[in-house]
Amino acid sequence: MEMDIKKVEKKWQKYWEDEKLAEFKPKNVDKKYYCLEMFSYPSAAKLHLGHWYNYGPTDSFVRFKKMKGYEVFQPMGFDAFGLPAENYAIKTGVHPKDSTEQNIENMEQTLKEMGAFFDWSAEIKTCYEDYYKWTQWIFLKLYEKGLAYRKEAPVNWCPSCKTVLANEQVVNGECERCHSTVVKKDLTQWFFKITDYAEELLTGLNDLDWPEKTKLMQKNWIGKSTGGEIEFTCESGDKFKVFTTRADTLFGVSYVVLAPEHPLVKKLTSKKQKKAVEEYILQTSKTTEIDRLSTAREKTGVYIGHNAINPINGKSVPIYAADYVLYSYGTGAVMGVPSHDERDFVFAKKHDIPIIRVVKGVNCDDTLPFTDDGIVMNSPGFDGLTSEEARKAIISKLVKTGQGEHKTNYRLRDWLVSRQRYWGAPIPVVYCDKCGCVPVPEEDLPVKLPYDVEFKPDGESPLKKHQGFMETTCPICGGKAHRDPDTLDTFVCSSWYYLRYPDAKNPKEAFNSKIINKMLPVDKYVGGAEHACMHLLYARFFTKALRDMGYLDFDEPFKSLVHQGIILGPDGLRMSKSRGNIINPDPYVQQYGSDTLRLYLMFGFSYIEGGPWNDEGIKAITKFLDRIERLAIKINGYTGKKSNQVTKEDKELLYALNYAIKCVDNDMENFSFNTAVARLMELLNALTKYDALENKNVTLLKNCFKQYIQLLAPCAPHFAEEIWEMLGGKPSIFTTDFPVCDQKALVKDEVEVAVQINSKIKAKLMIPNGASQDEIKELVYQDEKLKEELKDKEIKKFIIIPNRLVNIII
RNA sequence: GCGGAUAUGGCGGAAUUGGCAGACGCGCUAGACUUAGGAUCUAGUGGGCGACCGUGGGGGUUCAAGUCCCUUUAUCCGCACCA
């Protein structure tokens, strides 16, 4: 390459910055296009290939939108709280604030070297007071609204480190550091009541331009099921409810199960069974939820030595404690119907529990368990009803006696936001002996995270050990009080950051509603599919909650969503330190330049699929840009020679140009970057071919080539600016309009049509554009080769697909 | 286990949504130019000598299937304290 790519990159990055080309101009808000990439965690490894893949091509999309006349807003920031920085501190003693700030600085620099149109004037760092102050403010608003509450919930506890562990730190049921067996321990923790919005979060999915699979994942995650709650009364007089979607099988109940954590288990267990039950509970505390729900795993459980009464028939059935029932789902209790549920069937066989059939199949299927709907039997008063009728009828009967109700249940659970860690936003409440749990008044925010803390894990979290932080006074009575030693889940910080960006420096409010209502929702959100169920759901919940408090007038934060794929290691496996297959983008940027790496990422992979890294293809991109540069230099040297005559070749070139404009426009819009680049390569081939002609029209060629550089510009921004300037264009090329397709140039005089006989290709014919069916038939019959094939044959059917093919059935 | 997805040449990947499978590129082969060069250009490149056969396997619908239906296999991703 002739040009010094490093110099060119610096030159244009400086120009863009000086001209503030990436800054959003509020006066043009009517033409706004808010494109957001998920912000990143400031890791020590600087930018990895995944960042490049997320941000590079999406920046090209943004530049494309800018050239299409939109006022684009593409902000960037850092999700800066989190576990890794704290782990790093424990290991090395470097304070999370220091390491995080250093990492952010490094990443900012490399992000700038990428040359993306990020509006740095709106940058956000979630670990800074001016941000987490408002995270705390939102917590208070949710609390006021009754959407934040406290309850007991289990945490992973390592008995030897005396510390709470993240799921990630539990490996095969053991502590990753000391390999002790991890147990569950109950703590009082904060929850957000996302379940209040379960129904709206579900129905709202219908109107979103999101990948179908993501919507389906959220739908399943929310997990709506309709059924009823039925109340069982224990012999002791205690009552508990079970949730079921199969009330039609209520007469088939031969036992009931409580989750081992259910309070009634402790209360009702008989003396004789006490030892067995306690052992079982201990065992359960070591099992993960995924294992507990596995249908392949052996169904374990113990009889607690107490019975309950089935409200529909007064029958006494045994109560079991079993870990395949989760205390956190439904009522934490289920009824056991071995005849019509596979898990119950296995359980009953093992514990010698009677199996009573109450539904028969329409087609007389008599193997048990029978899990389909059918006709109800052995159910006095309901026999002969279909399952669906019986479900309603049975619950309705129980409603009358006050022993049941129709109920919709969701698998979605409330969001646990307490983290027993240091590096997060402190929870803005204090606990007073007199006044109880008291929210910190708004004017006292932020509750600052102290710097001087001790990280070494010794049974207490760093904040709990910090007297200066913990000891405070009650805002109500002024008496002694203490703070919450926990911090907020980092997902809380990332659930509202898209609202902060458009008004990022506002010192008076989290965001200005007037501005936000104009700038939101986000027009295009781009990020990994791994966030389908959590971040994307939490953000939707926050938006709806803030709307209901009157701060926002829109219902959904992200109108349109795209997931980029994952770039795997060269071995086809996910990149990870332990595998040693991490590809560092820096050397490629150094050697080939940022445009080349970006372009390769756009061309070499299907954007939403990703795939294994392979650097063979990157040289092809260098070659491609080289060819463009050489042609540019050559064409630039031509002196104008105008010809008014339009040749066949001229027409072909114009066709190629306009076809490319149409395709690239469409492909960029749809994040189909690999095909967009393919069309650019095709057009370069067409330009090169035309250039080789003796009687070329230089003016036409120059004009087409200028448009070519405009088409290329979003995908290779520095390179295109440089060539554009060389061709005499006024910078910046990104202030020019994206070329518009001339439909007239796309009309061809004749089209090639494939001719099939009995669905096998026999010939290809040139057919004049717009020929009638009869004219096409005539042309087919005139063709020598086809004449031979069709001789003496009876034509049964003559199928014509305009401009594509003809199929003759004989 | 539950939930979600994917499978097309030697490789990365296309295919206007039921209409010419393999666009574009890598790699490979041959040639040109050359200071016998990991540069550039030009041509060829799914398989088979062939009629034909080809989109993970088997079956089906259709004039026509990579695309729709049934079935099966393999691989990958998420599962609520990683972000």
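Letters A, B, ... are given to chains in the order of the sequence lines, protein chains preceding strands, and every chain is numbered from 1.
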Asks: Looking at Asn614(A), does any N or O in its side chain come under 4.0 Å of the phosphate oxygens OP1/OP2 on C26(B)?
Replies: no
Asks: In terms of ring plane angle, is the pair Trp415(A) and Phe541(A) parallel, tilted or perpendicular, where the classes change at 30° and 60°?
Replies: perpendicular
Asks: When the P atoms of G27(B) and C77(B) are compared, how many Å lie between them, rounded to an integer?
Replies: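 So the two P atoms sit 30 Å from each other.
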Asks: Closest approach to the side chain of Ile801(A), judged atom by atom: which nucleotide of A80(B), G19(B), G13(B) is it?
Replies: G19(B)
Asks: Classify Gln169(A) by what it touches in the nucleic acid, base, sugar-phosphate, or nothing, heavy-atom distance under 4.0 Å.
Replies: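 Counting heavy atoms under 4.0 Å across all strands, no contact is made by Gln169(A).
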Asks: Could you check whether Arg679(A) gets within reach of a base, just the sugar-phosphate, or nothing at all, counting any heavy atom under 4.0 Å?
Replies: base
Asks: Looking at Trp221(A), does the NZ or CZ of Arg411(A) lie under 6.0 angstrom from its six-membered ring centre and within 45 degrees of the ring axis?
Replies: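 Output yes; distance and angle both within limits.
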Asks: Taking the chi torsion of U17(B), is it syn (within 90° of 0) or anti (everything else)?
Replies: syn
Asks: What about Arg421(A): does its side chain form a donor-acceptor pair under 3.5 Å with the base of C81(B)?
Replies: yes
Asks: Just the rounded figure in Å: distance from C1' of G19(B) to CD1 of Ile809(A).
Replies: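 Rounding to the nearest Å, CD1 of Ile809(A) and C1' of G19(B) are 12 Å apart.
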Asks: So, under a plain 3.5 Å distance rule, would you say the side chain of Asn167(A) forms a donor-acceptor pair with the base of C81(B)?
Replies: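 No, the side chain and the base share no sub-3.5 Å donor-acceptor pair.
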Asks: Roughly how many Å apart are G9(B) and G22(B), using the P atom of each and rounding to a whole number?
Replies: 14 Å
Asks: Where the side chain of Tyr607(A) meets the backbone of Asn54(A), is there a donor-acceptor pair that is under 3.5 Å apart?
Replies: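 Pair found, side chain donor or acceptor close to backbone of Asn54(A).
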Asks: For the ring pair Phe192(A) and Phe139(A), is the centre-to-centre distance below 6.0 Å?
Replies: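 Distance test on ring centres: under 6.0 Å, yes.
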Asks: Kindly say if Arg413(A) contacts the phosphate of A80(B), meaning a side-chain N or O under 4.0 Å from OP1 or OP2.
Replies: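 Indeed not, no polar side-chain atom of Arg413(A) lies that close.
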Asks: Taking G66(B) as the reference, what is the distance to U75(B) when you measure between their P atoms (whole Å, please)?
Replies: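 Taking atom P in both U75(B) and G66(B), they lie 26 Å apart.
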Asks: If you assign each of Lys797(A) and Ala166(A) to its closest nucleotide in RNA chain B, which residue comes earlier from the 5' end?
Replies: Lys797(A)
Asks: Out of A83(B), U40(B), A14(B), which nucleotide sits closest to the side chain of Lys623(A)?
Replies: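 Closest nucleotide to the Lys623(A) side chain: U40(B).
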Asks: Answer with base, sugar-phosphate or nothing: what part of the nucleic acid does Arg630(A) contact at a heavy-atom distance below 4.0 Å?
Replies: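 It contacts sugar-phosphate atoms only.
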Asks: What nucleic acid atoms does Glu616(A) come within less than 4.0 Å of, heavy atoms only: base, sugar-phosphate, or nothing?
Replies: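 Sugar-phosphate contact only - Glu616(A) comes under 4.0 Å of backbone atoms but never of a base.
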Asks: Pick base, sugar-phosphate or nothing for Ile799(A), based on heavy-atom distances below 4.0 Å to the nucleic acid.
Replies: base
Asks: Pick base, sugar-phosphate or nothing for Phe624(A), based on heavy-atom distances below 4.0 Å to the nucleic acid.
Replies: nothing
Asks: Considering only A64(B), A83(B), A14(B), which nucleotide approaches the side chain of Asn674(A) most closely?
Replies: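 Nucleotide nearest to Asn674(A)'s side chain: A14(B).
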Asks: Using only atom types and a distance under 3.5 Å, with no angle test, would you say the side chain of Asn670(A) pairs donor to acceptor with the backbone of Ser672(A)?
Replies: no
Asks: Rounded to whole Å, how long is the line connecting atom NZ of Lys689(A) with atom P of C41(B)?
Replies: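 About 16 Å, once rounded to whole Å.
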Asks: Does a nitrogen or oxygen in the side chain of Ser606(A) sit under 4.0 Å from OP1 or OP2 of A14(B)?
Replies: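 So the side chain of Ser606(A) is within the cut-off, an N or O lying under 4.0 Å from OP1 or OP2 of A14(B).
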Asks: Return the value, rounded to whole Å, for the distance between atom CD1 of Ile566(A) and atom P of A83(B).
Replies: 18 Å
Asks: Looking only at the side chain of Leu216(A) (C-beta and beyond, no hydrogens), which of the listed nucleotides A5(B), A83(B), A64(B) gets closest?
Replies: A5(B)
Asks: Expressed in angstrom and rounded to an integer, what is the separation of Ile800(A) atom CD1 from C63(B) atom P?
Replies: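 For the pair Ile800(A) CD1 and C63(B) P, the rounded distance is 17 Å.
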Asks: Assign Gly617(A) to base, sugar-phosphate, or nothing according to its heavy-atom contacts below 4.0 angstrom with the strands shown.
Replies: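 Result for Gly617(A) = nothing.
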Asks: Looking only at the aromatic ring of each residue, does the gap between the centers of Phe558(A) and Tyr498(A) stay below 6.0 angstrom?
Replies: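 So the answer is yes for these two rings.
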Asks: With a cut-off of less than 4.0 Å, is there a side-chain N or O of Asn685(A) near OP1 or OP2 of G25(B)?
Replies: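 Checking Asn685(A) against G25(B): at least one side-chain N or O falls below 4.0 Å of OP1 or OP2.
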Asks: Using a heavy-atom cut-off of under 4.0 Å over every strand shown, decide if Leu805(A) touches base, sugar-phosphate, or nothing.
Replies: base
Asks: Please pick, from A5(B), G19(B), A83(B), the nucleotide with the shortest atom-to-atom distance to any side-chain atom of Met534(A).
Replies: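 Nearest nucleotide to the side chain: A83(B).
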Asks: Would you please test Lys193(A) and Asp414(A) for salt bridge (Lys or Arg N to Asp or Glu O under 4.0 Å) and show each step?
Replies: CA-CA 5 Å; Lys193(A) 229 173 174 177; Asp414(A) 278 339; over 6 Å; no
Asks: Assuming nearest nucleotide by heavy-atom distance, tell me which of Lys762(A) and Lys213(A) is located more 5' along RNA chain B.
Replies: Lys213(A)
Asks: Quick one: do His535(A) and Phe491(A) satisfy side chain to side chain contact (heavy atoms under 4.5 Å, CB included)? Show the steps, please.
Replies: CA-CA 6 Å; His535(A) 164 62; Phe491(A) 273 124; 3.7 Å; yes
Asks: In whole Å, measure the gap between the C1' atoms of G4(B) and A51(B) for me.
Replies: 46 Å
Asks: Touch check for Ser43(A), heavy atoms < 4.0 angstrom, all strands: base, sugar-phosphate only, or nothing?
Replies: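 Result for Ser43(A) = nothing.
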Asks: Taking syn as any angle within 90 degrees of 0 and anti as the rest, which one fits G46(B)?
Replies: anti
Asks: Measuring centre to centre across the rings, with the benzene-like ring taken for any Trp, is Phe78(A) within less than 6.0 Å of Phe39(A)?
Replies: no
Asks: Pairing donors with acceptors under 3.5 angstrom, does anything connect the side chains of Arg421(A) and Asn87(A)?
Replies: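 Distance-only check fails for Arg421(A) and Asn87(A).
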Asks: Can you check whether Thr490(A) has a side-chain N or O nearer than 4.0 Å to OP1 or OP2 of A83(B)?
Replies: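 It does, given that an N or O in the side chain of Thr490(A) lies less than 4.0 Å from OP1 or OP2 of A83(B).
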Asks: Return the value, rounded to whole Å, for the distance between atom CG of Leu83(A) and atom C1' of C82(B).
Replies: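 Taking atom C1' of C82(B) as the reference, CG of Leu83(A) is at 7 Å.
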Asks: With heavy atoms under 4.0 Å as the rule, sort Arg627(A) into base, sugar-phosphate or nothing.
Replies: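 Sugar-phosphate only.
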Asks: Looking at C63(B), does its base get a donor-acceptor pair with the side chain of Gln756(A) below 3.5 Å?
Replies: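 Answer is no: no donor-acceptor pair is held.
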Asks: Mind telling me whether A7(B) is syn or anti, cutoff 90° either side of 0?
Replies: anti
Asks: When the distance from CH2 of Trp221(A) to C1' of C77(B) is rounded to whole Å, what number comes out?
Replies: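 These atoms are roughly 13 Å apart.
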Asks: Scan Gly424(A) against the nucleic acid and name what it touches under 4.0 Å (heavy atoms): base, sugar-phosphate only, or nothing.
Replies: nothing
Asks: Measuring to OP1 and OP2 of G19(B), would you say a side-chain N or O of Asn807(A) lies under 4.0 angstrom away?
Replies: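 For G19(B), OP1/OP2 do not have a side-chain N/O of Asn807(A) under 4.0 Å.
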Asks: Mind checking the P distance from C76(B) to U8(B)? Whole angstroms is fine.
Replies: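 My reading of the P atoms in C76(B) and U8(B) gives 15 Å.
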Asks: NA contact type, Val755(A), heavy-atom cut-off 4.0 Å: base, sugar-phosphate, or nothing?
Replies: nothing
Asks: Looking for any heavy atom pair under 4.0 Å, which part of the strands does Gln189(A) touch: base, sugar-phosphate only, or nothing?
Replies: base
Asks: Could you check which of G25(B), C53(B), C20(B) has an atom nearest any side-chain atom of Glu752(A)?
Replies: C20(B)
Asks: Can you tell which of C24(B), A80(B), C53(B) lies closest to the side chain of Arg411(A)?
Replies: A80(B)
Asks: Could one point to a donor on the side chain of Lys764(A) or the base of C20(B) with an acceptor on the other under 3.5 Å away?
Replies: yes
Asks: Distance check needed: A80(B) P versus His535(A) NE2, whole Å only.
Replies: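 Distance check: His535(A) NE2 to A80(B) P gives 18 Å.
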Asks: Report yes if a side-chain nitrogen or oxygen of Lys219(A) is closer than 4.0 Å to either non-bridging phosphate oxygen (OP1 or OP2) of G3(B); otherwise report no.
Replies: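 No, no such contact exists.
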Asks: Nearest-Å distance, CG (Asn666(A)) to C1' (U17(B))?
Replies: 14 Å
